[in-house]
Amino acid sequence: MPKRIISIIVFPGSNCDRDLAIAIQNHLNVKTQYVWHDNSKIDNYEMIFIPGGFSFGDYLRAGVLATKSPALGEVIRLAKKGVPIIGICNGFQILTECNLLDGTLMNNKNQLFICDKSYLKIENNKSIFSKNLKKSVVQFPIAHAQGNFFASNDSLKELEDNNQIIFRYCSKQGVINEKNNPNGSLNNIAGITNKQKNILGMMPHPERAINKFDDQDGVLFFNGLKELL
Amino acid sequence: MIYRVYINYKKGILDPESEAIKKTISNMGFKSLKNLSKGKFFDIEISEKKNGLKEIEKISKDLLSNPVIENFKIIKK
Amino acid sequence: MIYRVYINYKKGILDPESEAIKKTISNMGFKSLKNLSKGKFFDIEISEKKNGLKEIEKISKDLLSNPVIENFKIIKK
Amino acid sequence: MKKISQKTIKEHGLSKNEYSLINNILKREPNILELGIFSVMWSEHCSYKSTKKWLKTLPTSGKSVICGPGENAGIIDIGDEDAIVFKMESHNHPSFIEPYQGAATGVGGIMRDIFTMGARPIANLNSLRFGAPKHPKTKNLLSGVVKGIGDYGNCVGIPTVGGECFFHESYNNNILVNAMCVGLVKKNKIFYSTAKGIGNPIIYVGSKTGRDGIHGATMASAEFDDQSESSRPQVQVGDPFMEKLLLESCLELMKEDAIIAIQDMGAAGLTSSSFEMASKGSCGVKLYLDLVPCREENMSPYEMMLSETQERMLMIVKPTKKKLTIDIFRKWGLEAVEIGEITNTGNMEIFFKKNLVGKLPIKPLAESSPEYDRPSKKPKTIKKKGNYKNFSIKDALVKIISSPNHSSKKWIFNQYDRSVMCDTIFSSEESDAAVVRVHNSNKAIAITCDCNPIFCNSNPKLGAAIGVAESWRNLISSGAEPIAITDNLNFGNPEKEEIMYQIKEAIEGIKMACEVLKYPVVSGNVSLYNETNKKSIIPTPVIGGVGLIKKLSHAKGFKMNFGDKIFLVGESLGHLELSELNRICNKNTGKPPPLDLKKELKNGLFIKNFIKKHHSVVSGCHDLSDGGLILALAELVLKNKKGIKVKIPKNVKKIKEWFFCEDQSRYIIIVKNEKELISSAKINEINLQEVAIVDGNSFSIINQFEISVKKLISYNNTWFKRFVQI
Ligand SMILES: Nc1ncnc2c1ncn2[C@@H]1O[C@H](COP(=O)(O)OP(=O)(O)O)[C@@H](O)[C@H]1O
Ligand SMILES: [Mg+2]
């Protein structure tokens, strides 16, 4: 049995690593360890997080340069072994760029960076990442320039048919429509898993919704992962 | 040896940037605009070698382009 | 009529993106890379008309390129 | 060696007198490299020659001040061994030339000033001034500047939590982009820029040097450098990714006992950073320019010394820690290079290709830099008579909240990542001051930037003092104890007597207000020559204030709940001159409202103490500024999406004046229960009026009118959306 430590992969330019570590420590009650991108071995892999930020400046395309780091090679290997992996924001972009997740994240429809609150409908409450969320709509902040989810028709159909869509942008009341789609994502998709459902990618930031002065739905998210340990 | 790699969106992909530019152009009063699409290119210089093209192909596929939405084309300059 | 407008950085302008890509490529093991520079292009289709090129020039200058840091070049396709 | 021509001297912005001073210092004529160095060191930007005399009069000390002006940024003590480092800086001209890069590099520059001192930046703010919305350049400038600010701070991962944005035709060709950064450091981990230790290595790290932003005078250097086709002044391009790497690597290195002095390469790059460090430490330096990492080929010593390539740092490290230094930077993918050493000669000696190409005495160059007492004269006030308009209270309110300067700035602030770092309690749309938690603690700091250039234009002294008072008020409203300010003095050409008058008066006004409010100036910046074709901007001394909130429960924003009561604190005298109301009515002349600093202090301390003592009773608080009471109330309705019912007190005679006057030193406070408020106001002899209750879904003034919350929001949102979309 590996030690109970969660790994957070850190790339040059990651900037949500600290916030994520705090959320995990406080609400999942488990230690975290940063893994610098040039390590080709990850010792603690009970669960792996890929944080938000601007890995390698988001140059070329958000997330793509990070996929060439040694640590990502290891993430891919462990992913195939079924290790739970969660990529948030830039982490989601990285996971699509290295094909662990389907689709891609294009520029926001309005061509601007968007920082705002977002409401998310829990579309699949059976997945290991969402089954303990206890709410049907949660609120997490978003902050990204490339969060406009796109996938080919075939991929999209698969995502929908397999219940791989975990979160969709919606109104406070849970209405999913164009008006409540902040960035132009296909079918309001905000978070998906892979087919095996051990990898989650999401644009919104649950780690930014854990403080008393925030809306605290992030606490539910991290608490809900306890079962995985 | 210099290669130029052209990258553009696959057919049918709606590129929000091009859409926005198109709108601005017609707001600017240019009525004859029929279509506009955007792409990027990379000029890559490598040292003279046998399988240079192969390498450029690999880089274009694995790094420079995103196969979900983009095509690439390589020409030798 | 389709025009293609090429846009690239003026000489000497810092292009951190190309630097980052170059570094990644050599980390990927491609040792023969000597240089890489980046640019973008627009394919613009307009209806047949006399001073089409003039219009494209104006759009390229006023909208598509940033004359402070970029150059543009137009070719007819 | 070629002799320096009159033309070259002039192109370097040096006067005849200054040139002979140079000859006296060197006891010979300078060469072109030396001339270039003098010109940047003695530029207005680096030497403050027109303002130094007046800046010296500002109050800069106080019980919380750890470091006042003179370093990269000011530092204040916030208890528990924590200190706050902050400063504001302008990037006006570069942002007009290239709005995206200009604004981005402005943000980058000010953040480097903060982390140079060992502090982790925790908040960015900005104060923006654009020309009239209908001016053809305004829209592009606005979009570029906002995107530039956002992209840079977002990428580095520092929240941009606040700011202001104001349109006025006097900025048509001179926009103002002032960026403020606030950082957090442990008191015993502060780094300064005083060089020490003969033989210690000078280390360069960061971007490679290119020909970016070389002093406009570079053109002149072409006479001396035939292959300088490409040496035309170039725009500085920002690389926020590099900034992030520098930030993290410097902070990591700062944990080791390696750095003796550190300085970012800001304006005048390698020149000013090396001069300042050596001058402060009274030592000399040797620089070997062949070792400077260059991005372009064939760069001349002149170009290397004057380049303003961004994201570069210079530091002096302990010789025994050189390897460690290089290793830490390498881990972050950065190459640190030794480019020189500290000497005891008191001279800067510059070597290139084995030759000594420049030799300058450091102290004299720094210390005998010119200082002017430029003549000043009060400008004549021009009385313009216009077509006055008249509006009903309702129409005036609608007109104001739909106007460019008061319509919702959501389009702007949504481009700024405000939630990264997870410590933002309020960004500036939620409270008068942005409130950012001190990481891992139960306290927070409040930050604001303010200036009312309309007041300053009519009376620079009073206007500037009002700016200080307003920032103080903003901090108070957020539940903070105001501590200190930074300032950014934006003016036209100081060689004009009328402008010099504005500068002197504004500084006097800041001094006056800061002294009474015990609110010292710990850092700042001056931006002069903001004029085009003889048209100057209106005086814009921006004040950036910082305060401490000792307990998170004291932090207050614009929040209100149904059933709450809204009270007005302070006296309303009915001053309408230069008010928002008068301006929409086309009455643009007159005086700013009077400012009684004693009363300001009294009312402010009352609010501060009340919030502290009765924080659970206070839902929210808001200060009154432009637009007066009615706008402050409307803002609460807009932010909370809740209605209020306003009841005009019986003793109010002139209703319009009461609603729209811009008298100073006033607040509105929203309470769940009025008992304590009424009794403490009585004890403290504070003017208090009950004005409204939170109720329903419209903004309604009893016996006057009613506007639904929905409608009010749509008036407020429309202008900006339309403006940026066309
Ligand atoms: N208006 C002002 N008020 C107070 N201090 C000022 C003002 N202008 C400049 N200073 C101080 O003078 C010093 C030099 O400023 P500056 O040249 O802007 O620094 P930098 O080279 O880091 O950009 C700083 O300590 C700054 O805080
Ligand atoms: Mg500095």
Side-chain angles (χ1 to χ4, degrees), chain A residues 10-23 25-26 34 36-38 51-60 62 65 69 89-90 108 110-118 139-146 172 182-183 204-216 218, chain D residues 120 143 146-161 238-249 330-334 410-427 430-431 435-437 439-440 442 444 552-553 555 557 559 721 724-725:
Chain A
V10 184
F11 301 92
S14 294
N15 64 30
C16 303
D17 40 335
R18 182 192 77 176
D19 304 342
L20 191 53
I22 292 171
Q25 288 160 19
N26 292 348
Y34 295 126
W36 186 236
H37 73 113
D38 64 358
F54 288 71
S55 55
F56 296 92
D58 269 4
Y59 290 131
L60 188 56
L65 298 185
S69 285
C89 198
N90 197 226
N108 293 345
N110 70 355
Q111 296 300 304
L112 302 172
F113 188 97
I114 301 172
C115 174
D116 211 343
K117 290 180 172 176
S118 73
Q139 189 197 81
F140 299 150
I142 49 168
H144 57 246
Q146 277 114 26
K172 195 171 181 176
N183 52 23
H205 287 275
E207 81 282 13
R208 297 190 190 181
I210 60 165
N211 286 302
K212 273 207 224 80
F213 47 85
D214 300 322
D215 300 280
Q216 284 181 284
Chain D
R120 179 174 285 280
S143 325
V146 170
K147 193 165 177 7
I149 290 174
D151 282 0
Y152 203 101
N154 298 347
C155 180
V156 181
I158 311 302
T160 302
V161 295
D239 180 0
F241 176 52
M242 176 62 89
E243 179 102 341
K244 170 75 174 165
L245 300 179
L246 278 179
L247 163 67
E248 297 300 339
S249 55
R330 182 166 301 142
K331 175 192 148 188
W332 288 95
L334 303 175
K410 190 169 173 182
W411 182 86
I412 297 181
F413 59 70
N414 270 10
Q415 293 186 56
Y416 301 152
D417 191 340
R418 289 156 287 150
S419 52
V420 67
M421 291 182 97
C422 297
D423 287 317
T424 307
I425 295 175
F426 297 124
S427 46
E430 301 168 307
S431 169
V435 176
V436 178
R437 176 175 64 178
H439 193 64
N440 222 347
N442 190 36
L552 293 190
S553 54
K559 210 169 154 61
K721 252 193 222 149
V724 293
Q725 264 166 15

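Order of the sequence lines sets the chain letters (A, B, ...), proteins ahead of strands, with each chain counted from 1. Keep in mind that this is a model prediction, so the values were computed, not measured.
When each of A:Ala209, A:Gly57, A:Pro141, A:Gly53 is checked for heavy-atom pairs under 4.5 Å with chain D, A:Gly57 comes out on top.
Contact between D:Lys244 and A:Ser14 at its shortest, heavy atoms only, is CE-O, 3.2 Å.
The pair A:Arg18-D:Asp423 meets the salt-bridge criterion, since a charged nitrogen lies less than 4.0 angstrom from a carboxylate oxygen.
The distance from atom CG of A:Asn110 to atom CD of D:Gln415, rounded to the nearest 0.5 Å, is 7.5 Å. Here CG of D:Asp239 is found 3.5 Å from OH of A:Tyr59. Values are rounded to the nearest 0.5 Å. Between D:His439 atom NE2 and A:Asp19 atom CG the span is 7.0 Å, to the nearest 0.5 Å.
Within 6.0 Å of NZ in D:Lys331 there are more than 12 heavy atoms belonging to other residues, nucleotides or ligands.
Interface remark: D:Val146 contributes no atoms to any contact with chain A (heavy atom separation under 4.5 Å). Contact of D:Leu245 with chain A is made through the side chain alone, with heavy-atom distances under 4.5 Å. Heavy atoms of D:Ser143 lying under 4.5 Å from chain A are absent altogether.
Side-chain atoms of A:Asp116 do not come within 3.5 Å of backbone N or O of D:Asn414 as any donor-acceptor pair.
Between D:Phe241 and A:Phe56, the ring planes lie tilted relative to each other; the angle falls in the 30° to 60° range.
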